[in-house]
Engineer: 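First the structure, then my questions, so here it is.
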Amino acid sequence: MRKTPVLCVVGPTASGKTALSLRLAHALGGEIVNMDSMQVYRRMDIGTAKPTLAEREHIPHHLLDIVEPTEPFSVAQYAQLAEQTIQAIYARGVLPILTGGTGFYLKALTDGLSLGGVPSDPALRATLNAQASTPEGKKALYAHLQAVDAASAARLHINDVQRVSRALEVYLLSGVPLSAQKSEAPPERPFVFRLLATTLERPRLYARADARVDAMLAHGLLEEVRTLLDSGVPAQAQAMQGIGYKELVPVVYGHTALEQAVDTLKKNTRHYAKRQWTWFRAVEGAEWLDMEHPESLSRALRLGETFWEEQKP
RNA sequence: GCCUUGGUAGCUCAGUCGGUAGAGCAGGAGACUGAAAAUCUCCGUGUCGGUGGUUCAAUUCCGCCCCAAGGCA
């Protein structure tokens with residue numbers, strides 16, 4: 001059976017993914033599928049560096065603005081939606097272009113992750129997190145996982161409460177250890193991926209990230225955060241943990257000076273870019289492009305074109 | 001000019017009752033199976049301001065000098 005081609009544009013934040021994806025979509029007649037864990041939320045436009053309405057006018061974008069900021073969202077939901085969306089685009093004879101910096105979402109698509117099989121249970125999670133709030137509780141939590149799923153426990157660090165809790169959650173809800181579900185052979189995928197990874201020299205990337213934060217503030221990021229809070233989005237909401245939001249919430253509440261929050265925001269952005277870099281560096285088969293190099297754009301277009309020519313229905 | 005307190009890692013500082021030093025942050029490397037812009041792990045040699053002296057040994061004690069902040073004139 002013929003596989004669905006997916007051209008992917010990945011890379012650290014502020015390295016030029018959006019611009020490149022628009023050029024590719026324009027040149028190849030493609031449509032863009034968002035692969036950013038924060039751009040899925042409605043009314044979070046400035047802080048997530050969502051493509052503008054003008055940019056979306058001529059090129060169809062998918063999986064933007066699909067979740068209310070009050071709602072949780074997960075990689076499993078994303079993977080399901082993305083697969084459907086990608087298949088629907090290709091069914092019309094159009095190239096899907098997957099764009100975004102969320103490496104975990106990419107992996108879920110490329111590797112067909114089983115993801116534990118059970119959705120998260122907010123109440124159980126709250127209980128487990130409460131238990132982990134003391135050093136003794138954390139030890140007990142880890143010991144519990146060791147007892148029911150030794151393989152997962154061995155893989156995880158005791159301090160990684162989020163993953164320890166999730167592994168325990170899977171067992172408590174399904175009766176099957178997470179590690180047992182994972183050991184199956186990786187499934188055959190109905191997609192063929194081509195990865196373009198954007199990057200810049202590190203000092204340049206950090207400078208661009210800083211400048212972009214300043215631009216976001218100039219475009220009203222603080223107001224965006226205030227509006228979200230005013231409309232009833234709780235500060236604890238998953239969406240509000242995004243960079244640019246979590247730092248400005250205390251400013252809106254008057255607990256923190258703007259200047260200090262902006263420093264933290266820039267720092268967190270740099271840390272994030274670095275983590276993304278680490279993730280995508282480990283992904284095999286990615287074609288790396290320095291977006292300040294004069295020939296990178298034409299090279300990217302050539303690679304995209306070749307890929308599409310080979311895979312076109 | 002005098003007095004006081006400082007001058008230790010890129011930054012903020014701790015410390016050595018004399019045996020050449022260590023935290024946080026920054027920075028770097030990495031992990032990642034339903035929170036992933038989340039969560040977690042690992043990585044610390046630097047003329048201890050300069051220069052003389054005392055000492056087996058000084059970043060540590062003493063003298064002088066330089067720099068900074070505060071105070072008194």
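Nothing here was measured: the structure is a model prediction, and the numbers come from that model. Chain identifiers are assigned alphabetically (A, B, ...) following the order of the sequence lines, protein sequences preceding nucleic acid strands; residue numbering begins at 1 within each chain.
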Engineer: Side-chain N or O of A:R202 less than 4.0 angstrom from OP1 or OP2 on B:rG28?
Structural biologist: yes
Engineer: So, does A:R166 get its side chain near the phosphate of B:rG34, meaning an N or O under 4.0 Å from OP1 or OP2?
Structural biologist: yes
Engineer: Ignoring hydrogens and geometry beyond distance, is a side-chain donor-acceptor pair present between A:T4 and A:Q87 at under 3.5 Å?
Structural biologist: yes
Engineer: At 4.0 Å (heavy atoms only), tell me whether A:G103 reaches a base, stays on the sugar-phosphate, or touches nothing.
Structural biologist: nothing
Engineer: Which part of the nucleic acid, if any, lies within reach of A:D263 when heavy atoms closer than 4.0 Å are counted: base, sugar-phosphate only, or nothing?
Structural biologist: nothing
Engineer: Please state whether the phosphate of B:rA37, meaning OP1 or OP2, lies under 4.0 angstrom from any side-chain nitrogen or oxygen of A:T102.
Structural biologist: yes
Engineer: Rounding to the closest angstrom, what is the interatomic distance between B:rG30 and B:rG22 at atom C1'?
Structural biologist: 24 Å
Engineer: Can you get from A:L156 to A:F104 by hopping between Ile, Leu, Val, Met, Phe, Trp and Tyr side chains that sit under 4.5 Å apart?
Structural biologist: no
Engineer: Quick one: is B:rG28 close enough that its OP1 or OP2 comes under 4.0 Å of any side-chain N or O from A:H271?
Structural biologist: no
Engineer: Can you tell me, in whole Å, how much space there is between the P of B:rU60 and that of B:rA21?
Structural biologist: 14 Å
Engineer: Measure CE/A:M35 against P/B:rA37 and give the value in whole Å, please.
Structural biologist: 10 Å
Engineer: Strictly below 4.0 Å: does A:R270 bring a side-chain N or O up to OP1 or OP2 of B:rG27?
Structural biologist: yes
Engineer: Heavy atoms from C-beta onward define the side chain here; which of B:rA37, B:rG34, B:rU33 lies closest to that of A:S114?
Structural biologist: B:rU33
Engineer: On RNA chain B, nearest-nucleotide positions of A:V75 versus A:Y245: which is more 5'?
Structural biologist: A:V75
Engineer: Whole angstrom is fine here: how far is it from NZ in A:K138 over to P in B:rU39?
Structural biologist: 13 Å
Engineer: Please answer whether the main-chain N or O of A:L289 pairs with a side-chain N or O of A:R299 as donor and acceptor at a distance below 3.5 Å.
Structural biologist: no
Engineer: Identify whether NZ of Lys or CZ of Arg in A:R202 sits under 6.0 Å from the centre of the six-membered ring of A:W277 and within 45° of that ring's axis.
Structural biologist: yes
Engineer: Starting at CG of A:L109 and ending at C1' of B:rU33, how long is that distance when rounded to a whole Å?
Structural biologist: 13 Å
Engineer: Please work out if A:G117 contacts a base, only the sugar-phosphate, or nothing of the nucleic acid, heavy-atom cut-off 4.0 Å.
Structural biologist: base
Engineer: From the list B:rG34, B:rG28, B:rU33, which nucleotide is the closest neighbour of the side chain of A:Q77?
Structural biologist: B:rG34
Engineer: Could you spell out the base pairing of RNA chain B as a dot-bracket line? Use Watson-Crick and G-U wobble contacts where both distances are under 3.5 Å, [ ] for crossing pairs, | for partners on a different strand.
Structural biologist: (((((((..((((.....[..)))).(((((.......))))).....(((((..]....)))))))))))).
Engineer: With rounding to whole Å, what would you report as the distance between B:rC25 and B:rU39 at their P atoms?
Structural biologist: 14 Å
Engineer: Would one find more than 12 heavy atoms of other residues, nucleotides or ligands at under 6.0 Å from atom CD of A:E292?
Structural biologist: yes
Engineer: Taking the P atom of each, how far is B:rA58 from B:rC62, in whole Å?
Structural biologist: 16 Å
Engineer: How about A:E55 and A:T52: does a side-chain donor come under 3.5 Å of a side-chain acceptor?
Structural biologist: yes
Engineer: Looking only at atom P, what distance separates B:rG49 and B:rG7, rounded to whole Å?
Structural biologist: 7 Å
Engineer: What's A:N268 touching, base or sugar-phosphate or nothing? Going by heavy atoms closer than 4.0 Å.
Structural biologist: nothing
Engineer: Determine the Euclidean distance between corresponding C1' atoms of B:rU45 and B:rC3; express it in Å to zero decimal places.
Structural biologist: 37 Å
Engineer: A:R155 has a side chain; which of B:rA35, B:rU33, B:rA37 sits nearest to it?
Structural biologist: B:rU33
Engineer: Are any of A:K267's side-chain N or O atoms less than 4.0 Å away from OP1 or OP2 of B:rA26?
Structural biologist: yes
Engineer: Within the structure shown, what part of the strands sits under 4.0 Å from A:S120 by heavy-atom distance: base, sugar-phosphate, or nothing?
Structural biologist: sugar-phosphate
Engineer: Rounded to the nearest 0.5 Å, what separation is found between the CG atom of A:L200 and the OG atom of A:S296?
Structural biologist: 9.0 Å
Engineer: Is the distance from OP1 or OP2 of B:rA35 to the nearest side-chain N or O of A:Y41 less than 4.0 Å?
Structural biologist: no
Engineer: Check the phosphate of B:rA37 against A:K246, side-chain N and O only, distance under 4.0 Å to OP1 or OP2. Yes or no?
Structural biologist: no
Engineer: What's the gap between B:rU55 and B:rA26 when it is taken at their P atoms, as a whole Å value?
Structural biologist: 47 Å
Engineer: Within less than 4.0 Å of OP1 or OP2 of B:rG34, is there a side-chain N or O belonging to A:Y78?
Structural biologist: no
Engineer: Hey, which of these two, A:V118 or A:Q241, hits RNA chain B nearer its 5' end, going by closest nucleotide?
Structural biologist: A:V118
Engineer: May I ask you to verify if any side-chain N or O of A:H157 is less than 4.0 angstrom from the OP1 or OP2 atom of B:rU39?
Structural biologist: no
Engineer: Using a heavy-atom cut-off of 4.0 Å across all strands, would you classify A:T48 as base, sugar-phosphate, or nothing?
Structural biologist: base
Engineer: Give a yes/no answer on whether the side chain of A:N159 brings an N or O atom under 4.0 Å of OP1 or OP2 in B:rU41.
Structural biologist: yes
Engineer: Between A:E83, A:Q77, A:Q84, which is the residue that forms a side chain to side chain contact (heavy atoms under 4.5 Å, CB included) with A:Q80?
Structural biologist: A:Q84
Engineer: Check if the side chain of A:D160 and the base of B:rA31 share a donor-acceptor pair of N or O atoms closer than 3.5 Å.
Structural biologist: no
Engineer: In whole angstrom, give the distance that lies between atom CG of A:L156 and atom P of B:rA38.
Structural biologist: 19 Å
Engineer: If only side-chain N and O atoms of A:Q162 are considered, is one of them under 4.0 Å from the OP1 or OP2 phosphate oxygen of B:rC32?
Structural biologist: no
Engineer: In whole angstrom, give me the gap between the P atoms of B:rG24 and B:rC40.
Structural biologist: 15 Å
Engineer: For the residue pair A:Y41 / A:E71, report whether a side-chain donor-acceptor contact shorter than 3.5 Å exists.
Structural biologist: no
Engineer: Is a donor-acceptor contact shorter than 3.5 angstrom present between the side chain of A:R163 and the base of B:rC40?
Structural biologist: no
Engineer: So, is A:R125 close to the B:rG34 phosphate, meaning a side-chain N or O under 4.0 Å from OP1 or OP2?
Structural biologist: no
Engineer: Which heavy atom of A:E247 sits nearest to which heavy atom of A:N268, and what is that distance?
Structural biologist: OE2-ND2, 2.8 Å
